[in-house]
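Throughout, protein chains are lettered first and strands after them, A, B, ... in sequence-line order, and every chain is numbered starting at 1. Worth saying up front: this structure is predicted, and the values here are computed from it rather than measured.
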There are 2 protein chains.
Amino acid sequence: MATRTAAATAAKARIRDAAQGRILDAAAEVFSERGPAAATVAEIAARADMPTATVHYYFGSKTALYDAVLSQVLDLWLSEIDRIDTQGPPEEALSAYIRAKMRVSFAHPAASRIVAGEILRGGAKIESFVRDELLPHLQAKLDLVEHWRRSNRVRPVDPRTLFFLIWASTEFYATYASEVVAVRGVERLTEAEFETASDAIADIILRGALPRARD
Amino acid sequence: MATRTAAATAAKARIRDAAQGRILDAAAEVFSERGPAAATVAEIAARADMPTATVHYYFGSKTALYDAVLSQVLDLWLSEIDRIDTQGPPEEALSAYIRAKMRVSFAHPAASRIVAGEILRGGAKIESFVRDELLPHLQAKLDLVEHWRRSNRVRPVDPRTLFFLIWASTEFYATYASEVVAVRGVERLTEAEFETASDAIADIILRGALPRARD
DNA sequence: GACGATCCTGATTTGATCGTCAGGATCGAT
DNA sequence: ATCGATCCTGACGATCAAATCAGGATCGTC
């Protein structure tokens, strides 16, 4: 180790990162499709096109691998909350937020489903994340909405209820995708359908939450 | 068997039903908390306060037990769609529907979570139910909303999108209960909080989906 | 080309849970 | 009291997936 050059270390690191990346991608897929309990290391390894033992070599245990996937996914989730532009008017800020959340549901359905599954089963694994990371970020946004509300730029609604409504309606398109597909009678959801749904959701929620009719 | 009286048969049936009921209740709890894969027959049996073998005696296999729970739960889910009063004005009908769905989320959180988990993992097990039972029932309701829309009693929104919004926002309080609890900083959700949330959701969605400002 | 370090994997062990089975307990009918 | 039918259960076996391990392959350095 004392004789290792930086180049050698970097080369090894690249190999490691590539392998870990492939495993993480495969794992995110399998965990989201089957849930962490039903997912098997063998299936994850098969999708990453490598032997089972290799997965254990890199991540030690299935639980550790799941935790790594979860951590990745939570970072994505957190970054979405920051998408609210605190400068613009409520109408534009909320509209942009809704569209951003819908885009995540479309672009990262596996990530959305993993978080949803975690919460569905009580959220014990993400408790500290929610307390230490999510809530502080969220609080600033809640304060912003509360501020709007006090200056009558948002109707008198509990800011938290408004956020719940936005989360529910946007994440629905990732977590209930199989239902949406069945009810709409399509093969799969296209980006265009996501755009249309985003428009409709933003339209209804904004009209419902902002003062004055807009047409 | 040829000599069995009706009374004896009824007595046995009562015993059987009681035991099966206890098992089904315990199973619904455990399945909803852990998911079908992570749930163990041993834990279900422990909650029903009986040996593991007894659960197998009544239901044969864990899969059969899960299917029985799922079937119960889907019936409940279906019955909710019929709650829409096709006679009344849109405002009252939709408001009553939203409140009914919220009441289910509050009264039967385990049932809501089991269905949500099933859908989350692709809904393969409920595919035929959705096609043969849910969709036909739903279609009548969609037609009703479409009818309202054409007579300008509902704003120009896709009826399916409106239903998705209602489902998402109401089931959110069952499926994301651990998040709601964390964000609100309470121990658990009370009936009063569900009522308040119902009011807020109905208020925003109705104002967003119905023509003319209401204040 | 010998070295140290890391990468990688087939074979095997370990552990947990589903499901069976043989047989005892209970109960109503006669 | 005995009988048939069903209820009920402890003990056991089979299965399946996680995790270990010993050892070989590879790579940059000297």
Side-chain angles (χ1 to χ4, degrees), chain A residues 1-27 29-31 33-70 121 125, chain B residues 1-27 29-31 33-70 121 125:
Chain A
M1 190 57 95
T3 58
R4 290 296 291 291
T5 64
T9 306
K12 289 290 187 187
R14 222 175 304 121
I15 290 174
R16 209 174 47 239
D17 290 351
Q20 287 181 337
R22 260 168 65 210
I23 294 170
L24 284 171
D25 288 348
E29 266 187 44
V30 176
F31 281 134
E33 286 173 21
R34 311 227 182 275
T40 66
V41 176
E43 184 175 2
I44 292 167
R47 264 197 231 194
D49 195 35
M50 60 178 66
T52 305
T54 303
V55 174
H56 276 103
Y57 168 72
Y58 278 109
F59 287 93
S61 71
K62 178 174 136 177
T63 304
L65 174 55
Y66 180 69
D67 289 346
V69 169
L70 194 55
R121 286 182 302 275
K125 288 204 105 137
Chain B
M1 187 61 93
T3 58
R4 289 297 291 289
T5 65
T9 306
K12 289 291 185 185
R14 222 174 304 120
I15 289 174
R16 209 174 48 240
D17 290 350
Q20 287 182 337
R22 258 168 67 209
I23 294 170
L24 284 171
D25 289 347
E29 265 187 45
V30 176
F31 281 133
E33 284 172 23
R34 311 230 182 272
T40 65
V41 177
E43 184 174 0
I44 292 168
R47 269 202 226 190
D49 195 35
M50 60 178 67
T52 306
T54 303
V55 174
H56 278 104
Y57 168 74
Y58 278 109
F59 287 94
S61 70
K62 177 173 133 175
T63 305
L65 174 56
Y66 180 68
D67 289 347
V69 169
L70 194 55
R121 286 183 302 275
K125 286 203 106 139

Rounded distance in Å - OH (Y66(B)) to C1' (dG19(C)): 20 Å
Return the minimal non-hydrogen interatomic distance between L24(B) and A68(B), and the atom names on each side. CD2-CB, 3.9 Å
Q20(B) CD to dC8(D) P, in whole Å, measures 10 Å
Could you state the CZ-P distance from F59(B) to dC8(D), rounded to the nearest angstrom? 12 Å
Atom-pair distance (CD1 on I23(B); P on dC7(D)), nearest Å: 11 Å
Pairs in or reaching into residues 48-57 of chain B: which pass side chain to side chain donor-acceptor pair (under 3.5 Å), with residues at least two apart or in two chains? none
Round to the nearest Å and state the distance from D49(A) atom CG to dT9(C) atom P. 10 Å
I need the minimum non-hydrogen distance between F59(A) and A64(A), along with the two atoms involved. O-CB, 3.2 Å
What one-letter contact string describes nucleotides 10-19 of chain D from 5' to 3', where B marks a base within less than 4.0 Å of any protein heavy atom, S marks contact via sugar-phosphate atoms alone, and - marks no contact? B------SSB
Is any side-chain nitrogen or oxygen of T54(B) closer than 4.0 Å to OP1 or OP2 of dC8(D)? no
Strictly by Watson-Crick or wobble contacts shorter than 3.5 Å, is anything paired with dC30(D), and which nucleotide is it? dG1(C)
Looking at residues at least two apart in the chain, or sitting in another chain, which of them share a side-chain hydrogen bond (donor to acceptor under 3.5 Å, both in side chains) with D25(A)? none
Show the nearest heavy-atom pair for residues E43(A) and R34(A), with the distance to one decimal. OE1-NE, 2.8 Å
Separation of R16(A) atom CZ from dC8(C) atom P, in whole Å? 11 Å
Rounded to whole Å, OH of Y57(A) lies from P of dA22(D) at a distance of 16 Å
Any donor-acceptor pair under 3.5 Å linking the side chain of K125(B) with the backbone of D67(B)? no
